[in-house]
Amino acid sequence: MARHLITSALPYINGIKHLGNMVGSMLPADVYSRYLRQRGHEVLYICATDEHGTPAELAAKEQGLPVAEFCAQAHDAQKAVYDGFALAFDYFGRSSSEQNVEITQHFARRLNENGFIEERAIRQVYSPTDGRFLPDRYVEGTCPHCGYDKARGDQCENCTRVLDPTDLINPRSAISGSTDLEVRETKHLFLLQSKLQHEVEEWVSRHEDDWPQLASSIARKWLTEGLHDRAITRDLDWGVPVPADTWPELAAEGKVFYVWFDAPIEYIGATKEWADLDPENRDWKSWWYDVDTAVRYTEFMAKDNVPFHTVMFPATELGVREPWKKVDYVKAFNWLTYYGGKFSTSQKRGVFTDQALDILPADYWRYFLIANAPESDDSSFTWEHFTATVNKDLADTLGNFVNRVLSFSKKRFGEEVPAGGEPGEAEAKLGEEIARLLAEYESQMEALQFRKAAAALRALWSAGNSYLEEKAPWLEIKTDKDAAALTLRTAMNLIHLYAVVSEPFIPATAKTMREAFALADDTAAWVTPDEARALTALTPGIAFTVPPVLFAKLTDEDLENYKERFGGSPE
């Protein structure tokens, strides 16, 4: 089986993330990782908190904490939420780790040796009020492209255009709010991306036809506009230090590397963090160094992260002139909006992941988000849509099927899988339909088409309901007890099948369904279409229990409560 390296965009450390962040990176990566593990592949799913840059310093300042202490607390808080969502990372690291510092500095030295880093004097915004140079995110103002008045000095959150602080109209300090700003000369290191343009173009051209159009079009747009040399150091107190053995003057001035330089390297750093926990059994380089086709590397991210992962980080990897693994497939997502407006961490708009778990268990959110993932275009979260999806798909189609099959069988046949007669035409027809739908589900999961995979999974659940309605065991039992027993036994086999193949989407519910049956040595990791066709995993006599209600239906009162708490519009 193949070895799969999977990473999702690193969540910023400056606060709990919203649902848009979850569905744009970590959750689909988890669903895919779980699926691959079930199919027998060797998988390493790596993520980490992105702890450097101005967001960390500003958030720590706001809370009155030293930045290191703030980051440690925020990392634990974020990890708790991701545990709550059942994200099965192999390792969830920290970009402030010693491992990331070591590897980032190694990359910088190698780039310098190869002629791809240059020290330049530049003019940078300085705040006399704050007594310091202001890195990009410490400067706010109006975007010159779209007029958004809360644009940052590195990127406009509204139109996603990359900016320099000096591009902003009416700039102000994000620290003090002072508009008394000057432009002074200072020295920084630049990554000479212009010298790597053709190499990046050649690399992208070998991959872009396989990527989703969203990812390839963004990468191509950046390349068409031309790669510009980019400053990769900042004047901050917190970050990966510029190594003194290579740039003593800049190190003495306290320069640190730009967060977008060290953050992607943290994928490697976090893998080393993971390996260092058990060095006798884990080899981090076997995933990253000189592996080429031995490892398939898939990245998950929202569209605003795509340029850095398809252009800037590959340029860095190419420039070090060492055989580091580069991404094979970039799964990019559009925005999940909140009633048509953007979710926003900075503006606290929308539903945040900790709030979501306070309302309902993770499987409600996991299923809804993946079933409505913003793949081909933006998708909108509304409470009306969420409630309707939960009630129709989870409560009625899956939950009600499981409950009525097991409850009715227990009432009429006791707490063991009934025997009944031999399968007939209806069961053969059902088996063919299940095999077809399962093959479709597998195909869409392999293609990383999550909405289509969810539709195929939903169709699998619906097939069970259609079979139950057709056979009507509540009527069969009046005239043919064996026929009713066969119907219920077949339906229970469907429940076991659903437990196995639904696990990537709704792992807690899948576990509950599987544990309803006292099946000795239940080690089925997956069910192939051919195996599913027979529907014979459960044989007569196996004990079962009726689990609690899998999914509670949401009421009109619930809907109104959610809208009152969070608002029924983005305003």
Side-chain angles (χ1 to χ4, degrees), residues 9-18 21 26 47-82 92-101 104-105 124-141 150-155 157 165 171-178 181 186 188 231-242 251 253-266 269-270 273 304-305 343-349 352-355:
L10 308 186
Y12 268 130
I13 197 68
N14 63 330
I16 300 299
K17 305 299 117 178
H18 52 68
N21 182 280
M26 289 173 284
C47 193
T49 39
D50 183 0
E51 301 188 7
H52 292 141
T54 52
E57 286 197 357
L58 291 173
K61 181 177 181 294
E62 184 177 334
Q63 293 194 19
L65 292 173
V67 66
E69 182 179 341
F70 166 80
C71 287
Q73 293 180 9
H75 170 86
D76 291 346
Q78 287 200 23
K79 182 60 165 59
V81 172
Y82 303 144
F92 186 71
R94 301 180 60 186
S95 69
S96 60
S97 69
E98 293 179 2
Q99 291 88 342
N100 193 43
V101 170
T104 298
Q105 291 181 341
Q124 187 175 334
V125 175
Y126 183 88
S127 170
T129 301
D130 301 306
R132 61 178 294 173
F133 285 101
L134 299 180
D136 41 24
R137 285 202 178 199
Y138 276 47
V139 186
E140 296 176 345
K150 294 183 179 62
R152 302 186 306 252
D154 64 337
Q155 188 176 29
E157 187 183 50
R172 60 188 177 274
S173 167
I175 302 172
S176 62
S178 173
L181 304 180
T186 185
H188 281 285
I232 58 167
T233 52
R234 295 292 188 269
D235 292 285
L236 292 171
D237 296 325
W238 175 249
V240 175
V242 169
E253 294 174 1
K255 308 284 188 186
V256 300
F257 284 108
Y258 175 41
V259 63
W260 266 115
F261 182 73
D262 84 85
I265 297 172
E266 167 59 8
E273 293 172 52
D304 57 332
N305 287 328
F343 280 83
S344 172
T345 300
S346 60
Q347 298 179 33
K348 296 180 172 58
R349 184 173 62 229
F352 288 74
T353 49
D354 57 342
Q355 298 169 329

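Treat the numbers as computed from the prediction; the structure is a model and nothing was measured. Values reported hereafter were calculated over all heavy atoms of this structure, with side chains retained and with hydrogens, waters and symmetry mates removed.
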Check whether any side-chain heavy atom of [X] sits under 4.5 Å from a side-chain heavy atom of [Y], and report yes or no.
X: Leu58; Y: Tyr138; answer: yes
X: Ser96; Y: Trp238; answer: yes
X: Phe92; Y: Pro11; answer: yes
X: Trp260; Y: Asn305; answer: yes
X: Lys17; Y: Phe352; answer: no

For [X], all residues meeting side-chain hydrogen bond (donor to acceptor under 3.5 Å, both in side chains), sequence neighbours excluded:
X: Tyr12; result: Arg137
X: Gln105; result: none
X: Thr49; result: Glu51, His75
X: Gln99; result: Asp276

>> Taking ring-ring contact (aromatic ring centres under 6.0 Å, His included) as the definition, give me every residue that meets it alongside Phe257, ordered by chain and number, with sequence neighbours left out.
In response: Phe261

>> side chain to side chain contact (heavy atoms under 4.5 Å, CB included), that's the test. Do Gln78 and Thr353 meet it? Break it down for me.
In response: CA-CA 9 Å; Gln78 287 200 23; Thr353 49; over 6 Å; no

Identify the two heavy atoms, one from [X] and one from [Y], that lie closest to each other, and give their separation to 0.1 Å.
X: Leu236; Y: Gly53; result: CD1-CA, 3.8 Å
X: Pro264; Y: Val259; result: CD-O, 4.4 Å
X: Ile13; Y: Cys71; result: CD1-O, 3.6 Å
X: Leu65; Y: Gln73; result: CD1-OE1, 3.7 Å
X: Pro241; Y: Val101; result: CD-CG1, 4.3 Å
X: Ser95; Y: Asn100; result: O-ND2, 2.9 Å

> Going through the distances and angles, do Ser178 and Arg172 end up as a side chain to side chain contact (heavy atoms under 4.5 Å, CB included)?
Replying inline: CA-CA 5 Å; Ser178 173; Arg172 60 188 177 274; over 6 Å; no

Under the rule for side-chain contact (heavy atoms from CB on, under 4.5 Å), what residues qualify as partners of [X], not counting sequence neighbours?
X: Ala60; answer: Val67, Phe70
X: Pro66; answer: Glu69
X: Ala151; answer: Cys143, Tyr148, Cys156, Leu163, Leu168

>> I'd like to know if the side chain of Glu266 reaches the main chain of Ala48, judged simply by a donor and an acceptor atom lying under 3.5 Å from each other, with no hydrogens or angles considered.
In response: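 Pair absent, no side-chain N/O of Glu266 close to backbone of Ala48.
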
> Between the main-chain N or O of Lys150 and the side-chain N or O of Glu157, is there a donor-acceptor pair closer than 3.5 Å?
Replying inline: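 Between the backbone of Lys150 and the side chain of Glu157 there is no qualifying donor-acceptor contact (under 3.5 Å).
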
Once rounded to the nearest 0.5 Å, what's the spacing between atom [atom1] of [X] and atom [atom2] of [Y]?
X: Asp235; Y: Thr54; atom1: CG; atom2: OG1; answer: 12.0 Å
X: Thr129; Y: Ile175; atom1: OG1; atom2: CD1; answer: 10.0 Å
X: Glu253; Y: His188; atom1: CD; atom2: NE2; answer: 8.5 Å

Looking just at side-chain N and O atoms, do [X] and [Y] make a donor-acceptor pair shorter than 3.5 Å?
X: Asp130; Y: Ser173; result: yes
X: Gln355; Y: His18; result: no
X: Thr186; Y: Lys255; result: yes

Tell me every residue that passes salt bridge (Lys or Arg N to Asp or Glu O under 4.0 Å) with [X], counting only those two or more places apart in sequence or in another chain.
X: Glu273; value: none
X: Glu98; value: none
X: Asp136; value: Arg234

> Thinking salt bridges, do Glu140 and Arg152 make one under a 4.0 Å N-O criterion?
Replying inline: no

> Which salt bridge (Lys or Arg N to Asp or Glu O under 4.0 Å) pairs, counting each pair once, include a residue from residues 70-82, with sequence neighbours left out?
Replying inline: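 For residues 70-82: Lys79-Asp83.
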
> Does the side chain to side chain contact (heavy atoms under 4.5 Å, CB included) test come out yes or no for Val240 and Val256, once each step is laid out?
Replying inline: CA-CA 5 Å; Val240 175; Val256 300; 5.8 Å; no

>> Applying side chain to side chain contact (heavy atoms under 4.5 Å, CB included) to Leu134 and Gln124, what does each step give before you reach the verdict?
In response: CA-CA 8 Å; Leu134 299 180; Gln124 187 175 334; 5.8 Å; no

